[in-house]
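All values below come from the heavy atoms of this structure, side chains included, with hydrogens, waters and symmetry mates left out. Order of appearance sets the numbers: ligands from 1, and atoms from 1 within every ligand. Every value quoted in this text rests on a predicted model; they were computed, and no experiment measured them.
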Amino acid sequence: MHRSQALAHADHKYVWHPFTQQQEWCAEEPLIIVSGKGVYLRDIHGHDYIDGNSSIWTNIHGHSHPHIVAAMQRQAAILDHSSFLGATHPKAIELAERLVALFPGAPLSRVFYSDNGSTAIESALKMTFQYWQLIGHPEKNRFVAFTNCYHGDTAGAASLGGPIVFQKCIFLAIVSRVLPH
Ligand SMILES: Cc1ncc(COP(=O)(O)O)c(C=O)c1O
């Protein structure tokens, strides 16, 4: 079996893709991306693609940018990861300071790091909810969202999102916890 066939088979067998109907996904050969350079992505058959949406807006400086690769290699050799719970580290502190400096005079005075868009929305929901609770307005417990919007796939973010198919289970889970009170 060719490597591409073996990978396709293993993907269909072992992987779940986000926001993807599994049966439809498994009915077709998957697009297997093996490398990226600048604006281009290359698939396992050697076809090049322009990454027109910057891998869903996460790769704004291009793929395998030498400056970013070198910085990642340097940092990984010094400290690859440490918990931010109960500890901190120089790069996170320096980045926070630089981010806050981009907004002089604005209310943004601290940085809360998050892993991705969904958990950023989740954090924002929790912060705003807690804010109103703490200053004595528990009645302010509703969020306004656009129709058919998308805010991510964590529970809170999906509950604000448009497609009802992604909300059903979350609503059931939340309701069954809330009802006993
Ligand atoms: C408006 C918006 N909010 C949140 C998200 C979720 O981001 P992530 O996929 O990094 O969790 C997205 C992702 O497409 C988005 O477009």
His47 versus Tyr49: any side-chain heavy-atom pair under 4.5 Å?
yes
Heavy atom of the protein closest to atom 9 (O) of ligand 1 (residue, atom name, distance):
Ser118 OG, 4.4 Å
Checking a contact table here: which protein heavy atom is nearest atom 1 (C) of ligand 1, and how many Å away?
Tyr150 O, 3.2 Å
Are His89 and Phe84 an aromatic pair by the rule of ring centers under 6.0 Å?
yes
For the residue pair Glu29 / His12, report whether a side-chain donor-acceptor contact shorter than 3.5 Å exists.
no
Should we say atom CD of Glu139 is surrounded by more than 12 heavy atoms from elsewhere, each under 6.0 Å from it?
yes
Atom 16 (O) of ligand 1: nearest protein contact (heavy atom, Å)
Trp57 CZ3, 3.4 Å
Polar contact flag, side-chain donor to acceptor under 3.5 angstrom, Asp153-Ser118:
yes
Numbered atoms and elements of ligand 1 in range of Gly117, under 4.0 angstrom, heavy atoms:
6 (C), 7 (O), 8 (P), 10 (O), 11 (O)
Atom indices of ligand 1 within 4.0 angstrom of His151 heavy atoms, with elements:
3 (N), 4 (C), 5 (C)
